[in-house]
Amino acid sequence: MLKRLEGVINKECVTVTGKKIGEMAEKAKIYDENVIKPLENPIHKEGGIAILWGNLAPRGAVVKTAAISKKMMKFKGEARVFDKEEDAVAAILNREIGEGEVIVIRYEGPKGGPGMREMLTATTVLMLSGMGESVALVTDGRFSGATKGPCIGHVSPEAAEKGPIAAVEDGDEIEIDIPKRRLEVRLSNDEIERGLKKLPDFESRVKKGCLYRYSRLASSADEGGVMI
């Protein structure tokens with residue numbers, strides 16, 4: 001892959017090997033162009049992952065476009081808000097989620113989780129419930145490569161940092177437009193600010209140990225979730 005991207009990558013970046021990326025790319029060989037396709041003849045026009053922006057994710061959110069049906073590339077629905085994954089899963093299993101709604105799972109980011117738990121249970125239950133083409137999911141938690149369906153994660157800033165996702169309430173309209181890379185909640189900036197001002201300061205679910213320390217010091221998902 002480095003060899004194929006040799007003309008577009010920053011060759012001066014130093015890797016964990018101590019060598020520059022350019023040095024590694026120079027020595028690499030491509031043995032099968034059907035596997036490592038030429039840039040002028042890609043398998044797909046775009047990659048399988050996209051970054052969305054908007055007033056719900058001012059610093060970005062991540063969606064796996066390769067796992068979404070064309071029907072769900074544009075979606076609009078009322079929010080159903082949950083402050084942890086378990087509550088959202090219970091609502092899905094109890095058939096409390098209606099078609100056309102957007103499940104919002106927050107306080108699951110680096111600070112909120114703490115540790116940015118994977119929302120795989122929620123997405124799996126959603127798909128198995130047959131709502132993969134009628135309900136979307138938005139979270140400040142994370143997803144893995146196994147995720148399927150209209151699921152948007154890594155919303156930044158997270159709720160624990162009083163990102164806009166913390167101001168969303170049940171019934172607020174959320175609009176997803178993946179072709180335009182947009183993620184919006186139908187609230188004005190003033191409404192979002194008023195909602196955030198009403199919130200108490202975030203308190204970690206964990207009160208001691210390494211996770212408590214991490215919840216106090218973790219950076220946002222868009223900055224890698226590293227301790228600062």
Is the shortest side-chain heavy-atom distance between [X] and [Y] below 4.5 Å?
X    : Y    : result
R4   : L39  : yes
R186 : E175 : yes
I192 : L196 : yes
R106 : E158 : no
P58  : P157 : yes
P164 : N55  : no

Do [X] and [Y] sit in the same hydrophobic cluster, where Ile, Leu, Val, Met, Phe, Trp and Tyr count as joined when their side-chain heavy atoms come under 4.5 Å apart?
X    : Y    : value
V62  : V155 : no
V138 : I103 : no
I178 : V185 : yes
L56  : F82  : no
V104 : M131 : no

Could I get the full list of side chain to side chain contact (heavy atoms under 4.5 Å, CB included) partners for L120, not counting sequence neighbours? E118, T123, T124, A146
Residue [X] excluded, over 12 heavy atoms near [atom1] under 6.0 Å:
X    : atom1 : value
K180 : NZ    : no
K162 : NZ    : yes
E96  : CD    : yes

Could you measure the distance from the [atom1] atom of [X] to the [atom2] atom of [Y]? Nearest 0.5 Å is fine.
X    : Y    : atom1 : atom2 : answer
I21  : C13  : CD1   : SG    : 5.0 Å
K20  : K11  : NZ    : NZ    : 11.5 Å
K64  : C151 : NZ    : SG    : 10.0 Å
I30  : M1   : CD1   : CE    : 9.0 Å
L126 : M119 : CG    : CE    : 13.5 Å
M73  : I68  : CE    : CD1   : 5.5 Å

Look at the side chain of T65 and the backbone N and O of G48, then say whether any donor-acceptor pair between them is shorter than 3.5 Å. yes
Taking D140 for the side chain and A159 for the main chain, is one N or O donor matched with an acceptor at less than 3.5 Å? yes
Test D190 against S188 for side-chain hydrogen bond (donor to acceptor under 3.5 Å, both in side chains), laying out the working first. CA-CA 5 Å; D190 287 343; S188 67; 5.2 Å; no
Derivation of the salt bridge (charged side-chain N to carboxylate O under 4.0 Å, His left out) call for E86 and R205: CA-CA 14 Å; E86 290 83 354; R205 299 167 186 161; 5.7 Å; no
Does either side chain, that of E108 or that of T139, offer a donor lying less than 3.5 Å from an acceptor on the other one? no
